[in-house]
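Contents: one structure, followed by commentary.
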Amino acid sequence: MFDREQQIIETKIREFCAQNRIPLAELKWSPIPFSGEWGISTSFFATAANEARGGKKIQVPQRAQEIAEQVKVQIGRVDGISRIEAVKGYLNLYFSTSEYARRVVDEVLASGADFGRGAPKNERVMVEYAQPNTHHSFHIGHFRNTILGEALARLTEFAGFETIRASYPGDLGLGVITVMWMYDKFYKGREPQGIHERGQWLMKLYVEATAMLEPKENETPAEKAKREAYDAERREMYRKWDAGDPYVRDLWRMTREWSLEELRDILRILDVKMDVWFFESEADEPAKEIVDELIQRGIADDERPQGGAVIVKIDEKLGLTKEKYRTNILLRSDGTTLYLTKDLALAKQKFEKYHVDRSIYVVDVRQSMHLQQAFAILKLWGFPQADKCYHLGYGFVSLPEGAMSARRGRVVLFKDVMDEAIRRVLAVESEKGPEVPEADRKKIAEQIGLGALAYSMLSVDNNRDIVFEMDAALSFDGRTGPYIQNAHVRANSILKKANNLPKQADFDYELDSHEVQLIELISRFPDVVQQAANEYRPLVMAAYAYELANTFHSFYHAVPVLQTDNENIRAARLRLVAAAKQAIANALRLLDIQAPDVM
RNA sequence: GCCCCUGUAGCUCAAUGGACAGAGCAACUGCCUUCUAAGCAGGAGGUUGUGGGUUCGAAUCCCGCCAGGGGCGCCA
């Protein structure tokens with residue numbers, strides 16, 4: 001937001017260094033890290049180190065300080081900069097608060113929901129996330145995936161990338177067939193009616209079927225025969241599905257739709273609007289088609305004549321001598337495709353049909369090897385976008401009692417957690433906010449509960465595993481979603497009592513350090529958006545949102561707004577509160593967290 | 001055997017080459033006749049797993065070791 005001032009000063013520094021034959025290193029600016037101080041800072045360590053390497057006999061820290069002092073003299077007075085200091089090798093430029101405060105607050109209020117939006121980058125990015133399997137239910141691990149992907153999509157979009165959201169549900173395979181078999185044989189027509197009840201019920205069938213089909217210890221010959229007969233039925237159903245048998249296909253479409261209905265409803269709750277749906281079942285045919293092409297191009301090796309599979313010796317084709325990507329299979333010896341084959345076909349479609357420049361895969365970190373292999377093959381295949389494929393891996397979500405297991409039914413369902421979250425918030429609400437109308441309570445409870453859940457996922461770096469604990473995830477105190485939402489609510493509360501917002505105001509008074517800190521932090525928002533998007537890290541925004549809320553809460557306590565007698569100061573502070581509210585709302589929105597006006 | 005991730009305050013986590021390594025939770029001390037106490041203020045808590053190296057400067061980069069987790073040709 002202060003590019004102009006920065007340019008002027010950079011020019012002066014360059015001139016000075018050129019005149020004095022000082023080998024200036026790249027100038028890197030950062031905010032002054034001391035609280036309550038507002039300005040920009042750079043250091044001369046790298047420059048001094050350049051001199052040292054050039055043969056000068058100097059002590060780098062002392063020389064850096066010397067340069068900083070000389071530069072300070074050279075710069076002299078600059079409009080908008082109240083003071084300049086050279087300390088410990090750093091050059092600190094303090095802003096004239098009144099002028100900048102007004103500039104920041106005016107810009108935020110003029111831009112509104114667009115404050116912080118980056119200029120269009122003319123690049124199209126596709127974010128693939130929300131890839132649960134059908135015929136199961138949406139658990140807390142899927143939630144981490146979805147919230148991470150959605151936050152990332154919101155960030156890239158806001159940062160200036162054209163963004164396409166894609167979901168890729170796994171709707172085939174033995175697990176799917178197992179559920180269908182169980183349904184068809186034992187539960188036909190007995191499905192519950194509610195969308196979520198029915199979706200979750202499919203998972204129960206899976207658990208029951210798995211137990212039924214698993215070999216047991218000490219089973220009698222009769223039990224063994226029965227189990228094997230069941231398994232044969234299941235395999236037969238799989239064969240029929242493959243052959244396109246109308247009965248099995250209808251069964252598949254119907255049960256699949258039950259799962260998708262539940263998924264769509266959860267995405268609706270999470271305010272996730274998918275642009276593209278890829279289904280694993282629809283990737284199968286295209287996948288088969290590309291295998292021949294890859295063989296012809298000499299990328300894949302066909303070992304079928306020797307009774308083998310179609311494979312890609314990735315390291316060899318890349319000319320690597322040490323093993324890195326190893327070898328993987330494109331086509332089983334029976335001619336069926338694998339996950340890798342489908343991912344390649346999908347990537348081709350992303351590049352050729354959707355013309356994406358960057359492709360981000362939000363997928364469990366355990367599939368890291370698989371995706372690196374896929375990207376390497378795309379490179380061999382000649383797609384220039386292969387270099388801009390990025391795997392945003394995330395650690396898996398486990399439970400205090402161990403890993404989740406769909407087979408054993410040991411999962412924590414997202415819907416259950418959400419319902420519990422809402423219950424807990426409602427309990428707090430009736431205690432703390434009895435004046436909130438009954439009709440609004442449910443909605444607010446949902447916003448707060450989901451906010452707590454989303455933030456608990458986003459405030460942990462994606463490459464860390466998470467042990468899901470209900471009480472921690474649904475905490476409303478401290479570094480949590482509700483804490484940030486509460487800052488928004490309090491800002492709103494002041495504005496509501498003020499009735500109307502002054503059209504303009506000057507900050508031409510002695511600003512409290514809390515005010516300075518708040519304005520300074522708001523001014524950083526656009527940079528934070530860019531950083532989070534460029535690094536594909538929602539955590540950066542999550543950390544910022546907390547810091548902003550924290551600063552606002554402190555300001556709220558220390559600085560009177562409505563109680564201020566001076567009309568000008570009151571007007572300026574009201575506008576600052578409005579700007580803070582807007583910045584918090586924008587930050588929360590990028591994290592897919594609602595910003596309620598009351599709580 | 002090879003590869004990837006993690007190791008920071010009692011606990012959960014930030015900080016990816018720069019200024020005194022920061023938050024929250026838990027425990028402790030204050031603050032509601034004052035704009036919402038889901039809050040604020042305060043003190044306490046650290047050999048950044050470990051041993052070397054690079055650098056003016058390392059939690060951060062490089063090498064070794066230790067501990068935990070994950071992955072590695074017909075699963076997804």
Side-chain angles (χ1 to χ4, degrees), chain A residues 28 30 32-34 41 43 45-46 48-49 52 58-64 87-90 92 131 133 170 172-175 280 303 308-313 322-334 336 338-340 342-343 363-370 372-373 393 395-396 398 425 428-429 431-433 435 448 452 456 459-461 463-467 469 472 475-487 489-498 535 539 542-543 546-547 549-550 553-564 573-574 577 598-599:
Chain A
K28 283 185 265 186
S30 55
I32 293 171
F34 310 116
S41 165
S43 72
F45 297 111
I58 50 167
Q59 295 288 316
V60 168
Q62 283 84 336
R63 177 57 182 156
V87 52
K88 293 181 182 175
Y90 288 85
N92 294 332
Q131 317 98 327
N133 289 331
L172 51 77
L174 191 60
E280 203 184 336
E303 296 183 343
V310 178
I311 63 168
V312 184
K313 295 174 180 166
K322 283 172 76 176
E323 68 172 8
K324 183 172 181 187
Y325 298 107
R326 299 168 183 253
T327 298
N328 210 341
I329 293 175
L330 285 186
L331 216 53
R332 290 189 185 95
S333 39
D334 67 3
T336 53
L338 287 115
Y339 189 49
L340 177 67
K342 286 169 234 176
D343 246 339
V363 180
D364 189 324
V365 74
R366 284 173 291 192
Q367 294 181 36
S368 168
M369 176 75 164
H370 161 81
Q372 293 313 312
Q373 290 177 327
F396 62 84
S398 62
V425 181
V428 177
E429 269 182 353
E431 176 195 326
K432 297 195 173 180
E435 72 282 357
I448 306 294
S456 76
S459 60
V460 179
D461 205 3
N463 56 13
R464 269 180 193 271
D465 293 342
I466 290 181
V467 176
E469 285 173 272
S475 165
F476 308 139
D477 301 322
R479 202 173 186 285
T480 64
Y483 175 93
I484 303 166
Q485 291 171 314
N486 189 40
V489 165
R490 290 174 125 187
N492 180 66
S493 183
I494 293 176
L495 297 169
K496 199 168 55 188
K497 287 212 164 106
E535 296 177 4
L539 169 67
Y546 173 75
E547 209 183 335
N550 179 256
H553 278 303
S554 298
F555 161 87
Y556 179 90
H557 274 271
V559 183
V561 178
L562 298 172
Q563 277 85 5
T564 306
R573 286 182 177 162
L574 269 174
V577 169
V598 287
M599 66 188 276

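Everything quoted here is computed from the prediction, not taken from an experiment. Chain naming here is simple, since letters A, B, ... match the order of the sequence lines and numbering starts at 1 in each.
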Reckon [X] touches a base, only the sugar-phosphate, or nothing at all at heavy-atom distances under 4.0 Å?
X      : answer
A/E535 : nothing
A/Q367 : base
A/Y483 : sugar-phosphate
A/Q563 : base
A/V363 : nothing
A/R479 : sugar-phosphate
A/S43  : nothing
A/N92  : base
A/L539 : sugar-phosphate
A/V365 : nothing
A/A543 : nothing
A/N550 : sugar-phosphate
A/Y546 : sugar-phosphate
A/S333 : base

Passes salt bridge (charged side-chain N to carboxylate O under 4.0 Å, His left out), A/R366 versus A/D364? Steps please. CA-CA 5 Å; A/R366 284 173 291 192; A/D364 189 324; 2.8 Å; yes
Minimum-distance nucleotide to [X] side chain [options: [options]]:
X      : options             : result
A/E323 : B/A38, B/A19, B/C2  : B/C2
A/V60  : B/A38, B/C56, B/C13 : B/C56
A/D461 : B/A14, B/A38, B/C75 : B/A14
A/T327 : B/G73, B/A19, B/C56 : B/G73
A/L338 : B/A38, B/C74, B/G73 : B/C74
A/N463 : B/U6, B/A41, B/C20  : B/U6
A/K88  : B/G7, B/C20, B/C75  : B/C20
A/F396 : B/U6, B/G70, B/A38  : B/G70
A/V425 : B/C56, B/U34, B/A38 : B/A38

What integer distance in Å separates [X]:[atom1] from [N]:[atom2]?
X      : N     : atom1 : atom2 : answer
A/H553 : B/A23 : NE2   : P     : 16 Å
A/K313 : B/C74 : NZ    : C1'   : 15 Å
A/Y556 : B/C32 : OH    : P     : 15 Å
A/L340 : B/C74 : CG    : P     : 13 Å
A/Y325 : B/C2  : OH    : C1'   : 15 Å
A/I466 : B/U6  : CD1   : P     : 14 Å
A/D477 : B/A37 : CG    : P     : 14 Å
A/I329 : B/C75 : CD1   : P     : 8 Å

My understanding is that a pair needs two contacts under 3.5 Å, Watson-Crick or G-U wobble. By that rule, which nucleotide pairs with [N]?
N     : result
B/U47 : none
B/C2  : B/G71
B/U16 : none
B/G24 : B/C11

Gap separating the CD1 atom of A/I32 from the CG atom of A/N92, nearest 0.5 angstrom: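 Spacing of CD1 (A/I32) from CG (A/N92) equals 4.5 Å.
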Does any donor-acceptor pair link the side chain of A/R326 with the base of B/C2 at a separation under 3.5 Å? yes
Please state whether the base of B/A19 and the side chain of A/S41 form at least one donor-acceptor pair under 3.5 Å? yes
When you compare B/U29 with B/G68, how far apart are their C1' atoms, in angstrom units rounded to a whole number? 39 Å
How should the glycosidic conformation of B/G69 be described, syn or anti, under the criterion that syn lies within 90° of 0?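 What B/G69 shows is an anti base, its glycosidic angle lying more than 90° from 0.
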Check the chi torsion on B/C32 and let me know: syn if it falls within 90° of 0, anti if not. syn
If the cut-off is 4.0 Å, is A/R366 near the phosphate of B/C75, judged by side-chain N/O to OP1 or OP2? no
Test A/F555 against A/V577 for side chain to side chain contact (heavy atoms under 4.5 Å, CB included), laying out the working first. CA-CA 10 Å; A/F555 161 87; A/V577 169; 3.8 Å; yes
Above 12 or not: heavy atoms from other molecules or residues under 6.0 Å from CD of A/Q59?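 Incorrect, the count does not exceed 12.
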